[in-house]
**Student:** 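Below is the structure I would like to discuss, written out as structure tokens.
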2 protein chains.
Amino acid sequence: MTIKTKTKGASALPLNTIIDGDCIEVMNSLPAGSVDLIFADPPYNLQLKGDLHRPDNSKVDAVDDAWDQFDSFKVYDQFTKAWLAAARRLLKPNGAIWVIGSYHNVFRMGAELQNQGFWILNDVVWRKSNPMPNFRGKRLTNAHETLIWASKEEASKYTFNYEALKALNEGVQMRSDWVLPICTGHERLKNDEGEKAHPTQKPQSLLHRVLVATTNPGDVVLDPFFGTGTTGAVAKMLGRDFIGIEREEAYRKVAEKRISNTRKFDNEALQVSTSKRAEPRVAFGVLVERGMLRPGEELWSMNGRHKAKVRADGTLIGDDIKGSIHQVGAFLEGAPSCNGWTYWQFKRDGQKVPIDLLRQQIRSEMAKH
Amino acid sequence: MTIKTKTKGASALPLNTIIDGDCIEVMNSLPAGSVDLIFADPPYNLQLKGDLHRPDNSKVDAVDDAWDQFDSFKVYDQFTKAWLAAARRLLKPNGAIWVIGSYHNVFRMGAELQNQGFWILNDVVWRKSNPMPNFRGKRLTNAHETLIWASKEEASKYTFNYEALKALNEGVQMRSDWVLPICTGHERLKNDEGEKAHPTQKPQSLLHRVLVATTNPGDVVLDPFFGTGTTGAVAKMLGRDFIGIEREEAYRKVAEKRISNTRKFDNEALQVSTSKRAEPRVAFGVLVERGMLRPGEELWSMNGRHKAKVRADGTLIGDDIKGSIHQVGAFLEGAPSCNGWTYWQFKRDGQKVPIDLLRQQIRSEMAKH
DNA sequence: ACATCGCTTGAATCGGGTG
DNA sequence: GCACCCGATTCAAGCGATG
């Protein structure tokens with residue numbers, strides 16, 4: 001695997017590699033403020049017999065009575081607190097995190113995220129189209145898992161590719177409930193004995209949606225519980241850099257092989273729809289300067305109820321009101337605000353045309369240079 | 001309102017009343033171990049800042065009530081701890097609790113439930129069929145809320161009406177994600193000024209499912225955050241006893257009126273529990289087993305264009321096709337699916353009759369037993 | 001009576017660039 | 001850091017008015 005590094009101060013970031021070790025120690029050894037996104041699928045809990053370790057790596061005994069149950073929650077909370085703190089330190093100021101869990105552990109993770117100052121943006125329900133039934137008929141079919149998406153802090157300017165997700169959802173904005181099948185068939189990795197290589201392999205479709213939604217090409221994505229590397233494989237396909245941490249050699253081996261067999265999509269395919277907000281700003285006055293509108297020319301409101309005159313400085317004058325296209329529109333409508341670009345129309349050849357059309361002309365000229 | 005009481009030791013339980021007061025104090029004044037189910041919809045601690053406007057500039061009527069304001073997570077946690085402890089004391093040993101919340105508060109509630117020894121049975125996602133969109137396009141549409149269902153302790157023999165829920169779900173076991181519309185239209189209670197009486201009124205369909213799933217007729221259901229009394233109204237319809245606690249007089253008044261206008265065998269409730277979707281699934285083969293149709297008998301499609309023969313195992317055989325009544329119908333019509341019950345007809349006394357009539361006969365026999 | 005259109009509304013942690 | 005102001009942004013339902 002090609003090892004790319006990014007330098008941040010004195011230390012370098014090992015990109016597109018799987019690091020062997022305890023995720024807390026490894027994260028604490030990496031440079032702070034260097035990662036764009038973290039995706040974490042930690043052990044789901046503790047009624048789990050065995051295999052739970054304290055932050056100091058000592059092993060927790062399997063327990064089943066109520067008192068020890070409380071004790072095991074305490075230990076799980078310590079573990080959660082430690083790895084979330086290490087994760088938060090790694091994030092850039094505008095970075096974000098995803099965690100996934102079930103009712104066994106997700107409430108404790110969510111509370112700790114809030115306690116540490118992460119700012120929850122959404123909780124997302126992964127609704128499984130093909131869950132395992134409840135065989136004993138004693139409860140509801142456990143047909144979902146919960147993800148939490150949170151920015152590093154309240155003020156973070158997090159990445160959210162709104163238009164791309166809207167496009168993924170047939171043109172209506174993406175909701176907080178995602179229907180996706182569980183990982184089965186060819187996608188499910190097997191070990192040499194033909195058994196499933198990992199008990200909780202996540203489907204690529206889930207990571208695809210997460211990464212398209214909240215990262216851009218070239219971003220650094222870290223997964224502290226890498227397992228068989230779904231995060232890394234999807235990151236590679238999508239042209240993101242990944243860092244995986246995994247302490248089980250068997251998983252690392254499967255993941256290495258998987259990722260080396262994965263290819264990146266074409267650059268063109270990685271482009272996603274973007275919002276208008278990302279397009280260059282155009283001042284209304286430019287339309288006048290360029291002669292696209294004449295001073296003194298009249299504009300009509302979309303609803304036909306109002307009109308105003310263009311002035312040489314790119315402001316409008318209407319009845320009892322002067323100001324920008326936005327201000328005059330807002331005043332005439334009695335609204336708190338108004339997008340003048342979509343509110344006003346001008347006349348050409350007897351037809352009324354939105355002034356936004358002129359802005360688009362200017363933008364397309366700008367794109368050529 | 002008729003006041004029924006149940007005596008438990010020295011103290012009596014005030015049934016089917018709305019108690020004025022702080023829910024923690026009131027719960028602590030009631031006899032321990034006396035309640036079958038608690039449904040709790042506490043303040044969510046939304047932490048809203050400025051105003052929000054729709055793209056058409058109208059203002060969103062947000063939850064800005066004093067009862068939803070908390071100074072910090074710490075204060076909210078103290079509140080949660082106190083009311084959950086009071087609730088747990090009230091529950092019978094085999095009692096259970098439902099809580100509902102959003103990502104603002106549900107993680108803290110879930111963690112505290114576990115800390116206090118409640119045993120989580122399922123987390124349930126209420127997927128809203130008609131949520132409010134995200135107007136700014138900055139996040140995913142917040143299209144769900146989360147409920148947690150937990151027994152008083154791990155050893156509790158909780159109530160779960162598995163078959164009733166299966167029947168409600170077209171004969172397949174109920175999942176942990178429930179699609180239900182939010183409370184609008186005539187169901188939404190208004191105050192004297194014609195405004196919504198409560199900012200967060202829950203739909204009756206949600207409480208209907210909760211109470212059918214986890215209580216039996218005659219059970220005592222307590223709601224410590226009664227609001228406008230959805231829990232009480234549905235409990236009354238379904239023949240359960242309720243206890244409501246609510247400290248806002250305006251809400252109590254609306255709830256009193258609502259519940260006094262509610263009848264036990266409300267038509268609406270009956271329609272829900274006996275709707276066609278809820279009726280027991282009948283295998284076509286049963287019609288053959290019972291001699292209502294003979295193997296070898298011919299069936300005709302509704303449009304008269306196709307026919308097929310009944311086989312002894314309850315499948316059909318037509319030209320070039322064998323399979324279920326649905327599969328054969330779909331094949332002959334070149335359709336992706338087909339409801340065989342309404343597609344096929346048989347002949348009696350020269351008349352063609354839909355086979356669904358036979359299914360109805362079986363169902364009415366089943367209802368007698 | 002029936003279809004269509006327009007208006008209203010719902011537990012919401014809902015900007016960002018420039019000066 | 002703050003103030004100012006540009007300007008981007010919505011889905012499903014119910015209900016009443018209209019044709």
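Reckoned from all heavy atoms, side chains included, excluding hydrogens, waters and symmetry mates.
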**Student:** Which is true for Val106(B) with a 4.0 Å heavy-atom rule: it touches a base, it touches only sugar-phosphate, or it touches nothing?
**Tutor:**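 Contact class for Val106(B): none.
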**Student:** Could you work out the separation of dT10(D) and dT9(C) based on their C1' atoms and round it to a whole Å?
**Tutor:**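 My reading of the C1' atoms in dT10(D) and dT9(C) gives 12 Å.
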**Student:** Would you call the rings of Trp178(A) and Trp98(A) parallel, tilted or perpendicular, taking 30° and 60° as the class edges?
**Tutor:** tilted
**Student:** Tell me whether Asp192(B) at atom CG has more than 12 heavy atoms from other residues, nucleotides or ligands lying less than 6.0 Å away.
**Tutor:**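 Result for CG/Asp192(B): open.
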**Student:** Would dT4(C) be called syn or anti here, given the cut-off of 90° from 0?
**Tutor:**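 dT4(C): anti glycosidic orientation.
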**Student:** Between Phe242(B) and Phe226(B), what is the ring plane arrangement, given parallel below 30°, perpendicular above 60°, and tilted in between?
**Tutor:**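 Parallel.
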**Student:** Please state how far atom CG in Asn339(A) lies from atom P in dT9(D), giving the value in whole angstrom units.
**Tutor:** 9 Å
**Student:** Roughly how many Å is it from CE in Met302(A) to P in dG7(D), rounded to a whole number?
**Tutor:** 17 Å
**Student:** Taking atom C1' in both dA1(C) and dT18(D), compute the distance separating them and give it to the nearest angstrom.
**Tutor:**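 Going atom to atom, C1' in each nucleotide, I get 14 Å.
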**Student:** Looking at dT9(D), which nucleotide sits across from it as a Watson-Crick or G-U wobble partner, both distances under 3.5 angstrom, or is there none?
**Tutor:** none
**Student:** Quick one: Leu165(A) CG to dT10(D) P, roughly how many Å, whole number?
**Tutor:**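 Interatomic distance, CG of Leu165(A) to P of dT10(D): 13 Å.
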**Student:** Taking the C1' atom of each, how far is dA8(D) from dG17(C), in whole Å?
**Tutor:** 13 Å
**Student:** Look at the side chain of Asn161(A) and the backbone N and O of Val212(A), then say whether any donor-acceptor pair between them is shorter than 3.5 Å.
**Tutor:** yes
**Student:** Within the 3.5 Å criterion, strictly below it, is a donor on Arg54(B) or Ser58(B) matched to an acceptor on the partner's side chain?
**Tutor:**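 The answer is yes; a qualifying pair exists.
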**Student:** Taking the P atom in each of dG7(D) and dC14(C), what is the distance between them to the nearest angstrom?
**Tutor:**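 Pairwise P distance, dG7(D) against dC14(C), rounds to 23 Å.
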**Student:** Check every strand shown and say whether Glu279(A) touches a base, only sugar-phosphate, or nothing at a heavy-atom separation below 4.0 Å.
**Tutor:** nothing
**Student:** Name the pairing partner of dT13(C), where a pair is Watson-Crick or G-U wobble with both distances under 3.5 Å, or state none.
**Tutor:**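 Matched dT13(C) with nothing under the 3.5 Å cut-off.
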**Student:** May I ask you to verify if any side-chain N or O of His326(A) is less than 4.0 angstrom from the OP1 or OP2 atom of dG7(D)?
**Tutor:** yes
**Student:** Tell me whether the count of non-hydrogen atoms from other residues, nucleotides or ligands lying under 6.0 Å of CD in Glu249(B) goes above 12.
**Tutor:**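 No, not enclosed.
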**Student:** Please compare Ser324(A) and His53(B) by the position of their nearest nucleotide in DNA chain D and report the one closer to 5'.
**Tutor:**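 Comparing both residues, the 5'-ward one is Ser324(A).
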**Student:** Need the pair for dA3(D). Rule: Watson-Crick or G-U wobble, both distances under 3.5 Å, any strand; none if unpaired.
**Tutor:** dT18(C)
**Student:** So if I define the base as every atom that isn't primed, P, OP1 or OP2, how would nucleotides 9-19 of chain C read as a B/S/- string at a heavy-atom cutoff under 4.0 Å?
**Tutor:** BBBBBBSSS--
**Student:** Report the relative orientation of the aromatic rings in His198(B) and Tyr251(B); use parallel for angles under 30°, tilted for 30 to 60°, perpendicular for over 60°.
**Tutor:** tilted
**Student:** Given atom CD of Glu187(B) and atom P of dC15(D), what is their separation to the nearest angstrom?
**Tutor:** 11 Å
**Student:** Mind checking Thr141(B) for me? I need base, sugar-phosphate or nothing, with any heavy atom below 4.0 Å counting as a touch.
**Tutor:** nothing
**Student:** Suppose you measure atom C1' in dG1(D) against the same atom in dG16(C); what distance do you get, rounded to whole Å?
**Tutor:**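 Per the computed distance, 15 Å lies between those C1' atoms.
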**Student:** So what does Arg359(A) touch, heavy atoms closer than 4.0 Å: a base, only the sugar-phosphate, or nothing?
**Tutor:**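 Sugar-phosphate contact only - Arg359(A) comes under 4.0 Å of backbone atoms but never of a base.
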**Student:** Verify whether the ring centers belonging to Phe225(B) and Trp67(B) lie closer than 6.0 Å.
**Tutor:**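 Ring centroids of Phe225(B) and Trp67(B) are no less than 6.0 Å from each other.
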